[in-house]
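Everything quoted here is computed from the prediction, not taken from an experiment.
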Amino acid sequence: MFGDIHGLSPERSAHLASLVEQSRPLLDQEEEMEAVQRFLRDQETSVMDSIVVTRELLGARPESLGAAKEIVLTSASRAIELKDHQRFVEHIEEA
């Protein structure tokens, strides 16, 4: 499932594949991807892994990576991570 991602351990790949399979039914809900993002947050899935899972749900095409990143980083359920990221970038820009 994640053969195009270099350096991914078999254990992590299996964990991400499990998250993808658990997330698929959530796409049938009204809020679709937002429901997926809430699920991933509740599973304490990192932002990076959430992007990987979301990319897979979008079809794992080359153009899916940008869309997945946008979906995860603009999700209401990831507001805290987004604010932390913005503060980090601002701190770097000031330095």
Side-chain angles (χ1 to χ4, degrees):
M1 182 177 282
F2 299 103
D4 60 336
I5 301 177
H6 301 287
L8 198 61
S9 72
E11 295 82 14
R12 187 168 173 211
S13 181
H15 176 69
L16 293 174
S18 174
L19 290 172
V20 169
E21 293 310 315
Q22 292 176 68
S23 297
R24 285 193 197 282
L26 299 174
L27 294 175
D28 293 334
Q29 293 185 7
E30 186 176 318
E31 296 177 326
E32 297 179 346
M33 275 299 180
E34 191 58 37
V36 169
Q37 299 312 310
R38 278 193 306 275
F39 166 74
L40 294 172
R41 180 207 57 210
D42 292 347
Q43 296 298 308
E44 298 181 1
T45 307
S46 72
V47 169
M48 290 303 295
D49 284 353
S50 294
I51 291 170
V52 172
V53 169
T54 302
R55 176 182 174 263
E56 188 67 30
L57 292 169
L58 293 173
R61 295 178 304 278
E63 64 273 8
S64 299
L65 181 58
K69 181 180 173 185
E70 183 176 345
I71 288 168
V72 172
L73 293 177
T74 60
S75 169
S77 63
R78 293 287 182 175
I80 293 170
E81 289 95 337
L82 181 57
K83 287 179 185 178
D84 289 345
H85 175 73
Q86 288 171 334
R87 274 184 254 159
F88 177 71
V89 169
E90 289 170 4
H91 179 71
I92 291 174
E93 289 174 347
E94 290 173 0

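Between Arg55 and Arg61, the closest heavy-atom pair is NE-O, 4.0 Å. The heavy-atom pair separating Glu21 from Pro25 by the smallest distance is O-CD, 3.3 Å. Residues Ser64 and Gly59 approach most closely at OG-C, 4.3 Å, considering heavy atoms. Shortest non-hydrogen contact noted between Leu57 and Arg24 is CD2-CG, 3.7 Å. Between Gln37 and Ser50, the shortest heavy-atom contact is OE1-CB, 4.2 Å.
Atom CD1 of Ile80 has 12 or fewer neighbouring heavy atoms from other residues, nucleotides or ligands inside a 6.0 Å radius. Around the CD atom of Glu44, the shell of radius 6.0 Å holds no more than 12 heavy atoms that belong to other residues, nucleotides or ligands. Crowding of Glu70 atom CD: a count of heavy atoms from other residues, nucleotides or ligands under 6.0 Å not exceeding 12.
One finds the CE atom of Met33 at 13.0 Å from the CZ atom of Arg38 (value rounded to the nearest 0.5 Å). Summarising the geometry, atom CE belonging to Met48 is positioned 11.0 Å from atom CG belonging to Leu16; distances are rounded to the nearest 0.5 Å. Rounded to the nearest 0.5 Å, atoms CD (Glu56) and CD1 (Ile51) are 14.5 Å apart.
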Start with the C-alpha gap between Leu19 and Asp49, add the side-chain angles, then the distance that decides, and say whether side chain to side chain contact (heavy atoms under 4.5 Å, CB included) holds. CA-CA 10 Å; Leu19 290 172; Asp49 284 353; 5.6 Å; no

Residue pair Arg78, Val47: steps toward the side chain to side chain contact (heavy atoms under 4.5 Å, CB included) verdict: CA-CA 8 Å; Arg78 293 287 182 175; Val47 169; 4.0 Å; yes

Begin from the C-alpha positions of Ile71 and Val36 and carry the test side chain to side chain contact (heavy atoms under 4.5 Å, CB included) through to its verdict. CA-CA 10 Å; Ile71 288 168; Val36 169; over 6 Å; no

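Remark: of the listed residues Val72, Leu58, Leu40, Leu40 is the sole one forming a side-chain contact (heavy atoms from CB on, under 4.5 Å) with Val53.
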